[in-house]
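Only a predicted model underlies this, so the values are computations on that prediction, with no experimental measurement involved.
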Amino acid sequence: MVKQQEELSHPLTATITKTNTLLHIQSLLPSFTKSEQKVAHIVLQQTDSVIYSSVIDLAEKAGVGETTVLRFCRKIGFHGYQEFKLALAQELVNPVKNLHGEVGEDDSLDIITHKVTATNQQAIGDTTALFQIEQLERCVDLLQKANTIHFYGVGTSAVTAQDAKYTFLRIGLRVDAFNESHLQAMAAATLGPGDVAIGLSVSGSTKDTIDSLKVAKQAGATCICLTHYRRSPITNVADITLLTAAQEGPLQGGSLAAKIAQLHVLDVISTTITMRNKEKALLYKERTAKAVLERKY
């Protein structure tokens with residue numbers, strides 16, 4: 001019976017990349033059942049030992065049944081447990097986990113500097129590992145053809161939204177950013193077919209941003225989201241989901257690594273648009289530069 005279940009493929013198998021498994025587990029964590037989350041935590045915390053464990057061993061460590069382990073494997077895109085273990089073993093050769101550790105009270109300034117730097121660098125590297133080129137291509141195509149582009153974000157994501165506005169404005173796109181819930185809703189209602197609304201939310205659960213995307217979608221706009229979690233409320237609204245690797249805990253609002261991950265995705269998209277529309281981008285960069293020239297000493 002176990003063997004038959006192990007051979008069944010999950011419907012998401014075709015769409016989830018079978019690399020960077022640990023990153024995918026982290027991004028899917030909120031969508032797992034409580035039993036599956038127990039398995040996920042064991043895998044994330046004891047990866048070295050899991051690759052030497054049988055399906056029965058892992059089930060016992062997590063305190064769940066074997067079928068839960070197999071269901072967990074299928075949810076993250078594998079046909080069975082052995083395929084899952086092979087992927088983990090390959091990743092231990094080139095680890096994607098944060099091996100730099102948390103900053104401790106006894107760390108010197110030198111150690112803190114290196115740990116923070118390593119964390120921020122890893123945010124970029126891990127986010128790149130999560131890129132789905134076909135999704136990025138769709139975003140590039142939509143944005144360079146869009147009549148109007150709106151960025152929605154609150155809290156620290158509002159900072160990213162504002163930065164994105166400046167970046168895309170400088171290359172000639174009609175773009176705006178909104179960080180207040182009423183303005184977001186009003187602006188979203190003015191969009192229509194041919195327009196794009198982009199919601200930024202690390203947690204994927206920011207109500208104001210999600211509600212604004214819903215209004216934009218009802219108005220006929222295409223919706224894109226940037227989030228850490230593959231399955232979160234915002235992804236149910238978005239037509240395209242772009243994943244960022246860095247996450248924030250409840251007490252970590254304002255994580256620089258999370259903002260860096262968001263900015264990295266947007267930088268890749270804006271650079272691609274610039275390179276594909278060199279003459280237009282250069283023209284608007286010159287115009288915008290001249291427009292603020294007199295405001296500098």
Rounded to the nearest 0.5 Å, what separation is found between the [atom1] atom of [X] and the [atom2] atom of [Y]?
{"X": "Ile224", "Y": "Leu213", "atom1": "CD1", "atom2": "CG", "result": "10.0 Å"}
{"X": "Cys139", "Y": "Ile269", "atom1": "SG", "atom2": "CD1", "result": "4.5 Å"}
{"X": "Leu58", "Y": "Ile51", "atom1": "CG", "atom2": "CD1", "result": "12.5 Å"}
{"X": "Lys115", "Y": "Asn120", "atom1": "NZ", "atom2": "CG", "result": "14.0 Å"}
{"X": "Leu263", "Y": "Leu226", "atom1": "CG", "atom2": "CG", "result": "9.5 Å"}
{"X": "Ile273", "Y": "Lys280", "atom1": "CD1", "atom2": "NZ", "result": "9.0 Å"}

Should [X] and [Y] be regarded as members of a common hydrophobic cluster, given that ILVMFWY residues are connected when their side-chain heavy atoms come within less than 4.5 Å of each other, either directly or indirectly?
{"X": "Leu70", "Y": "Phe32", "answer": "yes"}
{"X": "Met275", "Y": "Leu142", "answer": "no"}
{"X": "Val215", "Y": "Tyr152", "answer": "no"}
{"X": "Val43", "Y": "Val69", "answer": "yes"}
{"X": "Val292", "Y": "Leu173", "answer": "no"}

If you compare all heavy atoms of [X] against all heavy atoms of [Y], which two are closest, and at what distance to 0.1 Å?
{"X": "Leu169", "Y": "Thr288", "result": "O-CG2, 4.3 Å"}
{"X": "Ala123", "Y": "Ala245", "result": "O-CB, 4.2 Å"}
{"X": "Ala281", "Y": "Thr274", "result": "CB-CG2, 3.8 Å"}
{"X": "His150", "Y": "Thr190", "result": "CE1-OG1, 4.1 Å"}
{"X": "Ala161", "Y": "Ala177", "result": "O-CB, 3.4 Å"}
{"X": "Val202", "Y": "Ala258", "result": "CG2-CB, 3.9 Å"}

Pairs touching residues 258-278 that satisfy ring pair (Phe, Tyr, Trp, His ring centres under 6.0 Å), sequence neighbours left out: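 For residues 258-278, and leaving out neighbouring residues, the ring pair (Phe, Tyr, Trp, His ring centres under 6.0 Å) pairs sorted by first residue read Phe131-His264.
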
Can you find a pair of side-chain heavy atoms, one from [X] and one from [Y], that are under 4.5 Å apart?
{"X": "Leu282", "Y": "Ile171", "value": "no"}
{"X": "Val196", "Y": "Ile198", "value": "yes"}
{"X": "Glu66", "Y": "Ile56", "value": "yes"}
{"X": "Val116", "Y": "Leu256", "value": "no"}
{"X": "Ile234", "Y": "Thr206", "value": "no"}
{"X": "Thr167", "Y": "Asp267", "value": "no"}
{"X": "Arg276", "Y": "Gln144", "value": "yes"}
{"X": "Phe72", "Y": "Ile25", "value": "yes"}

Is it true that a side-chain atom of [X] and a backbone atom of [Y] form a donor plus acceptor pair closer than 3.5 Å?
{"X": "Gln37", "Y": "Leu29", "value": "yes"}
{"X": "Asp163", "Y": "Val159", "value": "no"}
{"X": "Ser232", "Y": "Tyr229", "value": "yes"}
{"X": "Asp239", "Y": "Cys223", "value": "yes"}
{"X": "Thr68", "Y": "Val64", "value": "no"}
{"X": "Asp141", "Y": "Arg138", "value": "no"}
{"X": "Asp195", "Y": "Thr148", "value": "yes"}
{"X": "Gln132", "Y": "Glu134", "value": "no"}
{"X": "Glu36", "Y": "Thr33", "value": "yes"}
{"X": "Thr227", "Y": "Ser201", "value": "yes"}

Lys61/Ser53 under side-chain hydrogen bond (donor to acceptor under 3.5 Å, both in side chains): CA gap, chis, key distance, verdict: CA-CA 10 Å; Lys61 288 179 181 178; Ser53 302; 3.0 Å; yes

Going by distance alone, is a donor N or O of one side chain under 3.5 Å from an acceptor N or O of the other, for [X] and [Y]?
{"X": "Arg230", "Y": "His24", "value": "yes"}
{"X": "Ser54", "Y": "Asp57", "value": "yes"}
{"X": "Ser157", "Y": "Gln262", "value": "yes"}

Contacts of type side chain to side chain donor-acceptor pair (under 3.5 Å), residue Asp211, not counting sequence neighbours: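 Result, side chain to side chain donor-acceptor pair (under 3.5 Å) vs Asp211: Lys207.
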
CD/Glu279: more than 12 non-hydrogen atoms of other groups inside 6.0 Å: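 No, because the 6.0 Å sphere around CD of Glu279 holds 12 heavy atoms or fewer from other groups.
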
Steps toward side chain to side chain contact (heavy atoms under 4.5 Å, CB included) verdict (Gln184, Val154): CA-CA 10 Å; Gln184 283 184 359; Val154 300; 3.8 Å; yes

Candidate list Phe168, Phe178, Tyr166, test ring-ring contact (aromatic ring centres under 6.0 Å, His included), partner Phe151, passing option: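 When Phe168, Phe178, Tyr166 are each tested with Phe151, the ring-ring contact (aromatic ring centres under 6.0 Å, His included) holds only for Phe168.
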
Single hit among Thr235, Ile240, Val237 for side chain to side chain contact (heavy atoms under 4.5 Å, CB included) with Cys225: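 Single side chain to side chain contact (heavy atoms under 4.5 Å, CB included) partner of Cys225 among Thr235, Ile240, Val237: Thr235.
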
Aromatic plane relationship, Phe84 with Tyr81 - under 30° parallel, 30 to 60° tilted, over 60° perpendicular: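 Tilted: the ring planes of Tyr81 and Phe84 meet at 30° to 60°.
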
